[in-house]
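Below is one structure; the comments refer to it alone.
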Amino acid sequence: MKILLIGSGGREHALAWKIKQSPLTKKLYCAPGNGGMAEIAECVDIQAHEIDQLLAFAKRNKIDLTVVGPEAPLVEGIVDVFENAGLKIFGPNKMAAQLEGSKVLAKEFMQRCNIPTAQFRVYNRIDEAKEFLTRAHFPLVIKADGLASGKGVFICKDLLAAEEALNQIMKKKIFKEAGKQVIIEECLEGEEASILVVSDGNDYVILESSQDHKRLFDDDLGPNTGGMGAYSPSPAIFGDLLEKIDARIIDPTIRGMKRDGAPFKGVLYVGLMLTEDGPFVLEYNVRFGDPETQAVLPRLKTDIVKILQASCDGKMKKVNLEWDHRACVCVVMSSGGYPGEYENGKEIFGLDKIPETSDQIVFHAGTIKKDHKILTSGGRVLGVTALGDGISKAIENVYEIVDKIKFEKCFFRRDIGAKGLLHISNSTRLTRT
Ligand code: AMP
Ligand code: GLY
């Protein structure tokens, strides 16, 4: 099969790496790809938002399957465009992609389907939103409705912070149209976990759980980022919790979307808060998580191309997933300054000292290959990933590799996976008493 993968981040490198392992893959193109993807696929100079050009490329090259990495083209309707042209493409159509494209629509959907989520109000006028704040309980959470590259959520500890968030979103319009409406919602407490579900609109499979690390600094301090690391599986999901998540959240979501005339085909990312009252949905995304994918796919033994095809062909029922039972940890190495301003073009040293084996892979995100050198070209630069027998060993393995890689002003967290370890030691203590 000829496969076209759209995107250029760490998530897409992990997808490309996995797709390449399939005996079904005869040729893999990545648009636009990155320095790491260039090593395993043919990169094409078309950006993820250039839908017409992507379609023309897919037709010209007789692509058998297109896989979309990022959310923006999905929300723009790339799946509708390809399907109308008779081409096979993995991902939700424009209507189903609204689960990520509009947080307001997603919250209203959850409310209609009785899916547990934080209580919320929707505002499209700043004066009314501010009036509500004067009688609200803090902390609370303010979210821009539309796509904001993961930056549209403000956790506000007091009135001042909440008013500032509203000013940023609705007055300064930092997210443009995406901030026309806001959600003000209850702040949930608990541990977070991410679940990826692949569906054909009717049937679905649930991938192994994972946990992201959104904050920039160790101990979950500092600003939110796209994600500074992840591990899989999440030890916070044990016992019958996954069955509860399926019964209360995943199954009603897939059924609800079908009932609404927008069957969900593709990968659904469910961001969860595991509270004392059970699992709550924080957000839906309509694509693979980044960096969760880098920690989940190395554990997947099943041929990913078969899974992607089954989603497109309505054959999810036939898919059985097999997993490597080791733990996997991904540490993101970023450019100093990220998620704010940073410099590109720094040469990355040490990559040649890291042979790719079945239990260690360096996924590239913001990199480019130039004159046989790999240079930084983005905020999140690399997703260094390692497996190990248990999370502790995976952490040890991953940091051993991280310490061999150098570039100017490189930054990474030192505690990826530590939360998982803590969870395991707590539950061991509990089961012993
Ligand atoms: P989202 O983009 O909706 O996943 O939000 C980004 C991050 O904000 C989440 O991963 C959580 O850490 C946090 N967050 C979002 N909504 C809430 C909420 N209702 N309560 C507490 N934290 C939240
Ligand atoms: N890791 C968070 C996301 O993919 O949105």
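Counting convention: from 1, in listed order, for ligands and their atoms alike. Everything numeric in this text was worked out from a predicted model, so none of it was measured.
- Ligand 2 lies nowhere less than 4.0 angstrom from a heavy atom belonging to Gly227.
- Taking a cut-off of under 4.0 Å to the non-hydrogen atoms of Glu186, the atoms of ligand 1 that pass are 18 (C), 19 (N), 20 (N).
- Atom numbering of ligand 2 starts at 1 in the shown order; those under 4.0 Å from a heavy atom of Asn285 are 5 (O).
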For this session: Please test Lys419 against Asp212 for salt bridge (charged side-chain N to carboxylate O under 4.0 Å, His left out), starting from the C-alpha separation and ending with a verdict.
Result: CA-CA 10 Å; Lys419 251 188 308 195; Asp212 189 8; over 6 Å; no
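- Here's the thing with Asn224: none of its N/O atoms is less than 3.5 angstrom from an N/O atom of ligand 1.
- Residue-environment remark: NZ (Lys157) stays at or below the threshold of 12 foreign heavy atoms within 6.0 Å.
- By the criterion of a heavy-atom distance under 4.0 Å, neither the backbone nor the side chain of Glu189 is placed next to ligand 1.
- The six-membered or imidazole ring of Phe57 lies near that of Tyr29, with a centre-to-centre distance under 6.0 Å.
- Salt bridge absent: Lys173 and Glu177 never bring a charged side-chain N and a carboxylate O closer than 4.0 Å.
- Residue contact check: Gly226 has heavy atoms under 4.0 Å from atoms 1 (N), 2 (C) of ligand 2.
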For this session: Verify side-chain hydrogen bond (donor to acceptor under 3.5 Å, both in side chains) between Thr117 and Lys107, making sure each step is shown before the conclusion.
Result: CA-CA 8 Å; Thr117 188; Lys107 292 293 281 194; 2.8 Å; yes
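- Residue Glu292 approaches ligand 2 through these ligand atoms, each under 4.0 Å from one of its heavy atoms: 1 (N), 2 (C), 4 (O).
- Under 4.0 Å from ligand 2, not a single heavy atom of Arg11 appears.
- When each atom of ligand 1 is checked for a heavy atom of Met273 under 4.0 Å away, the hits are 21 (C), 22 (N).
- When the heavy atoms of Gln119, Glu283, Lys143 are ranked by distance to atom 16 (N) of ligand 1, first place goes to Lys143.
- Residue Val153 touches ligand 1 through its side chain alone, judged by heavy-atom distances below 4.0 Å.
- Ligand 1 has no nitrogen or oxygen under 3.5 angstrom from a nitrogen or oxygen of Ile155.
- Ion pairing between Glu356 and Lys20 fails under the 4.0 Å rule for side-chain N and carboxylate O.
- Remark: ligand 2 atoms within the under-4.0 Å shell around heavy atoms of Gly289 are 4 (O).
- At a threshold of 4.0 Å, the pair Lys265-Glu83 counts as salt-bridged, since one of the basic side-chain nitrogens sits closer than that to a carboxylate oxygen.
- Heavy atoms of Ser194 come nearer than 4.0 angstrom to ligand 2 in no pair at all.
- Around atom 5 (O) of ligand 2, the closest heavy atom drawn from Arg287, Glu71, Glu283, Gln211 belongs to Arg287.
- Scanning the protein for heavy atoms near atom 7 (C) of ligand 1, the closest one is Lys214 CD, 4.1 Å.
- Phe288 does not count as a contact of ligand 2, since none of its heavy atoms falls under 4.0 Å from the ligand.
- Residue Asp212 approaches ligand 2 through these ligand atoms, each under 4.0 Å from one of its heavy atoms: 1 (N), 2 (C).
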